[in-house]
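Each chain gets a letter, A, B and so on, in the order its sequence line appears, and its residues count up from 1.
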Amino acid sequence: MPVSNEDLVAMYRWLTLTRHFEERVCDLQFQRGIPELQHASIGQEAVGVGACYGLRPDDVVTPSLRTRAAYLVKGISPERQMAAMYGKATGAGRGKETSHHMGDRELGVVAGSGVVGGSIPVAVGVALAFKLQDTDRVSVVFFGDGASNRGDFHEALNLAAVFRLPVVCVCENNQYAQSMAIAQYLPIANVADRAAGYGMPGIVVDGNDVVAVHDAVQEAVARARAGDGPSLVECKTYRWRGHSERDAGEVYRAREEVEEWKKLCPVEKLRERLISSGVISQQQVEEIEAEVSQIVDRAVEFAESSPFPDPEEALLHAYATPVGGLR
Amino acid sequence: MPVSNEDLVAMYRWLTLTRHFEERVCDLQFQRGIPELQHASIGQEAVGVGACYGLRPDDVVTPSLRTRAAYLVKGISPERQMAAMYGKATGAGRGKETSHHMGDRELGVVAGSGVVGGSIPVAVGVALAFKLQDTDRVSVVFFGDGASNRGDFHEALNLAAVFRLPVVCVCENNQYAQSMAIAQYLPIANVADRAAGYGMPGIVVDGNDVVAVHDAVQEAVARARAGDGPSLVECKTYRWRGHSERDAGEVYRAREEVEEWKKLCPVEKLRERLISSGVISQQQVEEIEAEVSQIVDRAVEFAESSPFPDPEEALLHAYATPVGGLR
Amino acid sequence: MTEMRVRVAIREALREEMERDDSVFLLGEDIGSFGGAFGVTKGLLEDFGPDRVIEPPLSESGFIGSAVGAAMMGMRPIAEIMFVDFITVAMDQIVNNAAKMSYMYDGEISVPMVIRAPCGAGVRMGVHHSQSFEAWFAHVPGLKVVMPSTPADAKGLLKTSVRDNDPVIFLEHKGNYHTKGPVPDGEHLVPLGKADVKREGRDVTVVALGIMVGKALAAAEQLQEEGISVEVIDPRSLQPLDEESLVASAAKTGRVVIAHEAVGPYGPGAEIAAVIGNGAFGYLDRPIERVAMPFVPVPFSPVLEDHVIPKEEHIIVAVKRVLGEA
Amino acid sequence: MTEMRVRVAIREALREEMERDDSVFLLGEDIGSFGGAFGVTKGLLEDFGPDRVIEPPLSESGFIGSAVGAAMMGMRPIAEIMFVDFITVAMDQIVNNAAKMSYMYDGEISVPMVIRAPCGAGVRMGVHHSQSFEAWFAHVPGLKVVMPSTPADAKGLLKTSVRDNDPVIFLEHKGNYHTKGPVPDGEHLVPLGKADVKREGRDVTVVALGIMVGKALAAAEQLQEEGISVEVIDPRSLQPLDEESLVASAAKTGRVVIAHEAVGPYGPGAEIAAVIGNGAFGYLDRPIERVAMPFVPVPFSPVLEDHVIPKEEHIIVAVKRVLGEA
Ligand SMILES: Cc1ncc(C[n+]2csc(CCOP(=O)(O)OP(=O)(O)O)c2C)c(N)n1
Ligand SMILES: Cc1ncc(C[n+]2csc(CCOP(=O)(O)OP(=O)(O)O)c2C)c(N)n1
Ligand SMILES: [Mg+2]
Ligand SMILES: [Mg+2]
């Protein structure tokens, strides 16, 4: 099913919102002393937007450490995410979790692991449940190029392939794992080439082209939903900022490289397409900018005006069934 | 370098010795109460023989759980291996280790892990040392088809590829992991196809053809020695007996299948070649049989007449540098 | 009551829970036609089919992780690790995913899964097939840790574990599978966090875990002949730990021996000793003694392995020591 | 003596040992131009080149396992795990390979490697970046476990660890990297297995691990003002553990508080309490108190995290409790 103009505009709005959200956090990180260390996804927004736009509400997403867009598109409000960054009671797990690993049971988001790659088997297990429950729900999991070197990637994809589970594995290949360049750890051209080792389709797409991502993932989702098993979709993109806001990202790569990639901005790319094809006007673009900027303003206001959790709450909910003194 | 007739005869002798050794252990397992549970390699002897024959004494081998031939060809005497099976002081680690995971520092054998796949990274580390030490020694590691599903396989092969380490990864594909048939866990045709995911050569050979194994491994060894990095060599073979002597191997596979594979016996295969090409006579065959049979007799005698270790030795050598009460 | 072995009691628990609740399924290598390395799951594939008895590829991290995901989606996986020694490859999934989810979601999600794992020494399989890691898991908030000793407890604790909403590490000593004992007929549930006095006594308390319970009872029997009255108490779960019952028994007898098969240092007995030392302070007549595996790996050779495994006689010596007789 | 931070002391130790011995090399993600997540290895790639400062792919099991193999072949790898929380993915390589080799070869081979891993809470990174697992490793025969608290100890213990022939788990508390202190000039080695009395006192012994040493000293300072004389003793290594010195201090003061950042149950303090409870039995006037993280994961939000981290004030309260004042 080709995307409609409305879809394109909607995706554009998500891209813009993600960009604004991330930029705002970067601006405020030190200025306001936001406790969560931001791992900005700026430059990579098209992956999460393209992959999650068009999912069913009952599909389940497991994010990577840099998948802000997925959280937004899956419906976790900017307010809640921002509050999570501030460690507020209105945030993730009432302050227990960071925004970039948060889960949401109702919205179908699995809390991510801080251990890179550790969430891939979990997401495959989500798909296993869907299969056992005889539903046609789909599990979508995001991870980085670095994560594709972890044993869990291998074990999880193999498991998914053997049981033909409804899972779409989306690799956000941003060319770096922290300070290490992909050539230091990937001895082949594409992460997607590893799919052949599990007999599943491995697709490479321009990760800065939200439509390309969307189409590839939707195709994979359709396969999964039809019972035809898992896929690996690799989205080639780039991390504009450092690994985190504590990393200027400058010791291990050339500024020129960053500049080159900035020319391939996923937000601009879609904007140009929309404008040149006459789908939206420059004015509409500005309206969207203004709108999302306000949304982010409100998110910051919400976060800042939210209360911190009661410290004593730290002692609760390590267990779902507290017995014998466990809480 | 093509194998000479002497090489062929020597390999035939190793095959026969391995077969006899293994058969004897199976015979004696319950009859004599041999404490080590045998995991017989019968039917797979060509893999270890072909891969280890022709290695330099300073090359290092890391066996799988079913690589009796590798131990023998690397020079661990049948006496010592048999004594290890009996848990004698003349065995592996003076009784601390079983015969099928034993190591030998002098002979260049790394003690295997009982955790399937766990030894692959260790063997890659051996190769890393060789590279850092600027030698042209080679590390050869054996593992099963089941092990190729472990994360350690993935992480180790990737590491080896990234650093172009001198390691040859030999997969003993015997079609089963314990009771599970390969179709239950390998969603592709060949384990060797996974090599592409690491950009290293992946070669499939008839694992019952000792010459084919030898040639493929020697080629890979030459590549490794020349600094051209790792290879994955998959040897297709079959486990004639159960997973261990406690498993009759009959619930999960058809007798016919076993019978079919027995027709492809690696020992017979080489014998026929040697006889039909006139390299050895039937009489020589019988002489070899008699000779290895005696070797195995002596190994059993040695094992049975060897003393058990002093029980107190159990308390020693958990540490290489005993300090502060540690021993 | 029906006499049965631990192996059968566990199988019954699995069967009953699978019958009771469709969301319960088994996940493990060789648990199907093969019946599991120790024969525990024999017959279950035939009875429940391959959607309830699932054999994943040899990839413990992958399948334990997938059990976490399935549990979060409303299933109740019971995963089997063939030997607890191999659980080392799945530690991250257990410690950082299974154990953390409830907290990360502030209680809004649960991970109702059980990991069954045979533990312990005595099978002549050497350093990689004989370990005991219960102390590790009991040190992880978010996990529950169960160690049954009798067929009745094995059945009742496992059924409770399956119904529990938290991840439970269920440790079955390999040497116990053939242990026979009476199991109550009909629905039989044993709560987590309740120690069980396996034998009442006055003079000394022996706190014994898993396979050591049987050895402690045998030791108590022998000591009785010498007029020494030994109380044997089995915590049954290490997390939660029934501190109150342990302290009460210790306060009553004033002398305590703790027996487990794991190595001593930083082992489960350390916590139990610390808890009792604190809770029964002033009631103890003698220092607490620990009986444990010496601080070495478990060697293969029978003479070596037999030398390191803690036995009845070690308990007897320790009891005499706390009585001031040795 | 030169004043320096722990971070620099560790870097000096690495540098000196690399200069001294060609077989020493570093292995870890982002330890090169980036200098490591905590800046410890800054400058070492430049000085020693990529054959001595090796950056493997993101695969901790793979590269820790490869360190084992390299160590068996005569190298002395120092591997870095970026946060000890991630060591869960490499447990098998550590526990079943590194720790077992010497025993499997009956002492004929050794695995001289060090695994450095930042541990502990306080960095606002939540459940997966804040844990303390020292008790796990100290429970594994074949491993040595070191936890420095001061710059001098960090340097001296690390140098000793590099020269040791056994695998050493070297745990650096993230909150300690910036701690300053004097470090002896020239060759400075601190033995494993020797506790250090960081402050002498008469009334109460505080056994403190890692980052808790500084907090214990601060608490002692405050308590001094109230006329309470606190002895602070730092085991420095948990394996080997200097039981004698701990018992001697406890016997002297008769009152013991144990402080660590790991969660309490089955934590390192359990073993220390058990050892002291046994060794100093009869000398103790009051039950041993433990100060530790409550039994929950470490939450992200600053107000929550600050609430669970054990602090000076908790030590003060515990000291008063063992003095019968609270
Ligand atoms: C197992 C593990 N090793 C190391 C880290 C530290 N770390 C956090 S993110 C990261 C890089 C991950 O790279 P990639 O998977 O490509 O994701 P990206 O950050 O590029 O989105 C590293 C090394 C970690 N969190 N977990
Ligand atoms: C991590 C791990 N999981 C399970 C086992 C139990 N086990 C021992 S051998 C084996 C089968 C291994 O299959 P494969 O790698 O093909 O080797 P083969 O036995 O066929 O030679 C299994 C499941 C183990 N030892 N380690
Ligand atoms: Mg990346
Ligand atoms: Mg096999």
Side-chain angles (χ1 to χ4, degrees), chain B residues 33-37 84 86-89 91-99 101-102 111-118 144-153 177-180 184-187 243-244 246-247 251-253 307-319 325-327, chain C residues 28-39 41-42 45-46 50 54-63 65 81-90 92-93 121-131 263 265 293-309:
Chain B
I34 296 181
E36 177 180 334
L37 181 61
Y86 278 77
K88 294 299 180 76
R94 295 185 60 76
K96 285 179 177 155
E97 194 37 83
T98 58
S99 81
H101 290 312
M102 71 193 289
S113 175
V115 183
V116 167
D145 43 298
S148 86
N149 301 311
R150 279 285 326 287
D152 275 348
F153 164 90
Q178 201 144 332
S179 74
M180 291 173 64
Q184 287 180 272
Y185 51 82
L186 192 78
H243 172 69
S244 76
R246 245 187 242 128
D247 162 29
V251 266
Y252 51 84
R253 62 184 184 181
F308 280 109
D310 175 350
E312 281 292 312
E313 286 184 19
L315 306 181
L316 301 178
H317 301 310
Y319 291 88
L326 303 177
R327 303 206 279 175
Chain C
E29 294 155 21
D30 305 290
I31 62 170
S33 61
F34 199 66
F38 297 94
T41 55
K42 267 214 175 95
L45 173 64
E46 289 74 0
I54 302 180
E55 295 186 293
L58 206 168
S59 50
E60 283 78 359
S61 183
F63 80 71
I81 297 281
M82 203 182 289
F83 288 75
V84 81
D85 310 68
F86 316 154
I87 212 165
T88 48
V89 306
D92 177 56
Q93 291 300 332
V123 290
R124 314 304 188 212
M125 294 185 77
V127 302
H128 298 130
H129 289 76
S130 311
Q131 298 170 86
V263 294
M293 184 79 71
F295 198 56
V296 291
V298 179
F300 156 63
S301 177
V303 298
L304 301 177
E305 184 174 37
D306 289 345
H307 189 65
V308 297
I309 292 178

Fill in: Side-chain donor-acceptor pair present, B:Q184, C:E55, cut-off under 3.5 Å
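Indeed, the side chains of B:Q184 and C:E55 share at least one donor-acceptor pair under 3.5 Å.
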Discussion item. Is it the case that the side chains of B:Y185 and B:D145 hold a donor-acceptor pair, with the cut-off being a distance below 3.5 Å and no angle test?
Written reply: yes
Discussion item. At a heavy-atom distance under 4.5 Å, which candidate from B:A314, B:P311, B:A318 has the highest pair count against chain C?
Written reply: B:P311
Worksheet entry | pair C:D306-C:R124: side-chain heavy atoms closer than 4.5 Å |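 C:D306 reaches C:R124 side chain to side chain.
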Practice prompt. Check whether any side-chain heavy atom of B:K96 lies under 4.5 Å from a side-chain heavy atom of C:V127, and answer yes or no.
Written response: no
How far does [atom1] of [X] sit from [atom2] of [Y], to the nearest 0.5 angstrom?
X	Y	atom1	atom2	answer
B:E36	B:S244	CD	OG	11.0 Å
C:F63	B:N149	CZ	CG	12.0 Å
B:E97	B:M102	CD	CE	9.0 Å

Tell me, for [X] versus chain C, whether the close heavy atoms (under 4.5 Å) come from the side chain, the backbone, both or neither.
X	result
B:R94	backbone
B:D152	neither
B:A84	backbone
B:L186	neither
B:F153	neither

With only heavy atoms counted, which part of [X] is less than 4.5 Å from chain B, the side chain, the backbone, both or neither?
X	answer
C:P56	backbone
C:V308	side chain
C:S33	both

